[in-house]
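Source: prediction; values computed, not measured. Keep in mind that the numbers below use all heavy atoms, side chains included, and drop hydrogens, waters and symmetry copies.
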Amino acid sequence: MPILELPSHLINQIAAGEVVERPASVVKELVENSLDAGARSLHIDIVAGGQKLIRIRDDGSGITKDELCLALSRHATSKISSLDDLEAVASLGFRGEALPSIASVARLTLCSRTAEANSAWQIEADGGVVSAPRPAAHPPGTTVEVHDLFYNTPARRRFLRTERTEFGHIDTWLRRLALSRPAVAFTVTHNRRTVMRLAAAVTAEECLLRLAKICGETFAEQAVFFERETDGVAVAGWIGLPTYNRSQPDMQYWFVNGRSVRDKTLSHAVRHAYRDVMFHGRFPAYVLSLTLDPAGVDANAHPAKHEVRFRDGRRVHGVVSQAIEIALSDTRPGGHTSTPRAIGSGASYSQGSMSLPGSYSPGTAAVRESLTAYQALSGAAALDISVDRGEIPPLGFAIAQLAGVYVLAENKEGLVIVDMHAAHERILYEKLKRGFDDKALVRQPLLVPVTVAVAESEAELVEQSAAVLEKLGMVIGRAGPTSLVVREVPALLRNADAEALLRDVLSDIAQAGQSNRVEDVCHDFLATMACHHSVRANRSLTLGEMNALLREMENTERADQCNHGRPTWTSITMSELDRLFLRGR
């Protein structure tokens, strides 16, 4: 066939294949345009899962009459004007492909009015033919209606799923966008029935209520908010406590400069931060926002803008991982406080915090005896704690031991139950880690160096990452184009599989620009040591010993979970006990 220039309508349909995958793609692109236009309120109407109608109405800045037709032409945008703008994109949409691509595979109506205009103007596009603008009645803002999606591309239409499935994809994207813009009100209808109504959230409590509506009350009750900025990179958001984990990564939201993305570097950084406090095979839940200089992130790495590329992925990985680790380190008794009860009216279970009525005051003989025993054990006439004044530590004071496994304690809210083996395991593990991390990594030369066959690209990666590998305690030489020799490993791992360790480290470096594999393996070894040396079940403890364990838990990072992710303690408040025994009814 001779080389021919493609007609513009066919070009738009080809572009639509990249941008418009399904109705959810249309909703995402149009809502992002509204957000870029400064909308504070959005109304989204969907009919038949978006196949018959998608209507997005906003109160943004609007489009002038002279620019309406230009908005439906390819590569026309108000968001970039030079290469410098493209290298530091701060808006959600900037390619100028969405509207013309959608108009090429659907019947589209665009009606808009700016705040200064006396009236609105409207145009229609059908089969690539755009009408002339005509006056219309419309408040300041823009409405885009998309009818009969893929009506002229039946092959694409046949690939659509059921109405319920397609609306499920739309709902997923709208929830992501609503999380990224809490100050914007969202109203969503499907087949003329309101399915989501979110008021604008400005205060911290309003943001928490929106989080509960989108991610569920349980997540909001067991999530911790944090914010941290390091070296021009800011991380903020909600992370679920380790006790709130999932069987799949279905509640993980990342926003980079306000854009919802999926990114391997960021996901790896979060997994690394949770490595010590979660069961293997379980996934954390989080809603996190990363803010950095737009010039440091390439938002043009994916046609639908689902992915980004960082110019310094290693630095971003380190900042994110460290910020979350610091936030998680305070998951200990008396550490993070519970979220406001305004979220819901359910019971107040909250590992890590207890905030119930102050009317109950522990003063039992058992608590007084326990306090006396602890002071005698610790030599703590120095310990200035008065039961009478209600100065009770978060875990209170031990009153008994149950079945040689659980420590029962009484604090100012009620009953505390501690798994003594799990708690002591975490205490020992954190002590071993501090000793390990504070010392320089000692290397052990291998008596017989290990030769590893690798791909040529992996061998080159080793040469480029020699400094990183040496910091990890590994000395690797290159014996040929596709051959490496492991000469030294960390002394703690001298009996480990050197080849498997090297391959895992190379995989991490290739994916995230760095590796914590050696540190993780060393920590696994320390965790095993802590498990073997912690107090075992059926060991009888004195009241003083039990109280010493409780005080160490309160001063140990991540003490809410053992090394394997199991909870170390829980609580039952007096009001919960009263409900259990129907007191007052």
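- Within 6.0 Å of OH on Y406 lie no more than 12 heavy atoms contributed by other residues, nucleotides or ligands.
- Between the side chain of N245 and the backbone N or O of P242, at least one donor-acceptor pair lies under 3.5 Å.
- With hydrogens and angles disregarded, a donor-acceptor distance shorter than 3.5 Å links the side chain of T568 to the backbone of A559.
- Using a cutoff of 4.0 Å between basic side-chain nitrogens and carboxylate oxygens, E557 and R332 are not scored as salt-bridged.
- Panel note: side chain E227, backbone G237; no donor-acceptor pair is recorded below 3.5 Å.
- The existence of a salt bridge linking D276 and K433 is confirmed by a sub-4.0 Å separation between a basic side-chain nitrogen and an acidic carboxylate oxygen.
- In summary, the side chains of H272 and S321 do present a donor paired with an acceptor at a separation below 3.5 Å, with no hydrogens or angles considered.
- A salt bridge links D419 with R566: at least one charged nitrogen is closer than 4.0 Å to a carboxylate oxygen.
- Checking side-chain atoms of S267 against main-chain N and O of D263 turns up a donor-acceptor pair under 3.5 Å.
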Verdict with reasoning, R315 to D231, per salt bridge (Lys or Arg N to Asp or Glu O under 4.0 Å)
CA-CA 9 Å; R315 180 169 67 100; D231 195 21; 3.4 Å; yes
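- Taking the six-membered ring wherever Trp is involved, the centroid distance between the rings of Y253 and Y286 does not fall below 6.0 Å.
- At least one test fails for K431 against the ring of Y429: distance under 6.0 Å to the centre or angle within 45° of the axis.
- Of the possible polar contacts, one joining the N555 side chain to the R551 backbone as a donor-acceptor pair under 3.5 Å is found.
- Atom CZ of R161 sits in a sparse spot, with 12 or fewer heavy atoms from other residues, nucleotides or ligands closer than 6.0 Å.
- Checked by atom type and distance alone, the side chain of S329 pairs as donor or acceptor with a backbone atom of I326 at under 3.5 Å.
- Note that the CG atom of L198 and the CZ atom of R210 stand 5.0 Å from one another [nearest 0.5 Å].
- Using a cut-off of 4.0 Å between Lys/Arg side-chain N and Asp/Glu carboxylate O, E307 and R262 are scored as not salt-bridged.
- Using modelled atom types, no side-chain atom of R22 and backbone atom of A24 make a donor-acceptor pair closer than 3.5 Å.
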